[in-house]
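Quick notes on the structure that follows.
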Amino acid sequence: VGYDATTRGITIELDDMTINMQIGSQTVLVNGKTHTIDAPPEIRNERTFVPVRFIAEILGAKVDYDAATRTVTITRDYLP
């Protein structure tokens with residue numbers, strides 16, 4: 001995961017997948033292909049927040065949310 005403060009760009013790389021985002025933009029590039037998200041990345045109190053469900057699912061993970069405990073669980077199977 002990388003962040004460029006000058007451009008306010010976020011880059012996430014895993015295996016052969018590259019995700020590029022901009023703070024405040026609903027447009028995301030995944031391996032050069034454009035996707036639209038409903039919750040753009042943002043900065044709050046000097047911390048960068050990204051749409052974790054979108055990122056996790058693009059990277060092949062499963063995302064579950066437990067409303068009772070307000071817990072997000074992300075799982076991804078890896079092959080040996």
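Put simply, CG on Leu29 and NE2 on His35 are 8.5 Å apart, with the number rounded to the nearest 0.5 Å. Distance check: Ile10 CD1 to Ile55 CD1 gives 7.5 Å after rounding to the nearest 0.5 Å. Here OG1 of Thr73 is found 11.0 Å from OH of Tyr65. Values are rounded to the nearest 0.5 Å. Considering CD1 of Ile19 and CD1 of Ile12, their distance stands at 5.0 Å, rounded to 0.5 Å. Taking CD1 from Ile58 and CZ from Arg53, the interatomic distance works out to 13.0 Å, rounded to the nearest 0.5 Å. Of the inter-residue distances, the one linking Ile23 atom CD1 with Thr48 atom OG1 reads 5.0 Å to the nearest 0.5 angstrom.
Residues satisfying the salt bridge (Lys or Arg N to Asp or Glu O under 4.0 Å) criterion with Glu13, sequence neighbours excluded, are absent altogether. By the side-chain hydrogen bond (donor to acceptor under 3.5 Å, both in side chains) test, Thr71 pairs with Thr69, sequence neighbours left out.
A chain of hydrophobic side-chain contacts below 4.5 Å, direct or via other Ile, Leu, Val, Met, Phe, Trp or Tyr residues, connects Val50 to Met17. Cluster membership check: Tyr3 does not share its hydrophobic cluster with Phe49, using side-chain heavy-atom separations under 4.5 Å among Ile, Leu, Val, Met, Phe, Trp and Tyr.
The two residues Arg76 and Ala61 have their closest heavy-atom pair at CB-CB, 3.9 Å. The heavy-atom pair separating Ser25 from Ile37 by the smallest distance is O-CD1, 4.2 Å.
Formation of a donor-acceptor pair under 3.5 Å by the Asp4 side chain with backbone atoms of Thr6 is found in this model.
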ask   = What's the verdict on side-chain contact (heavy atoms from CB on, under 4.5 Å) for Phe54 and Val30, showing C-alpha distance, side-chain angles and the deciding distance?
value = CA-CA 11 Å; Phe54 174 81; Val30 179; 4.1 Å; yes
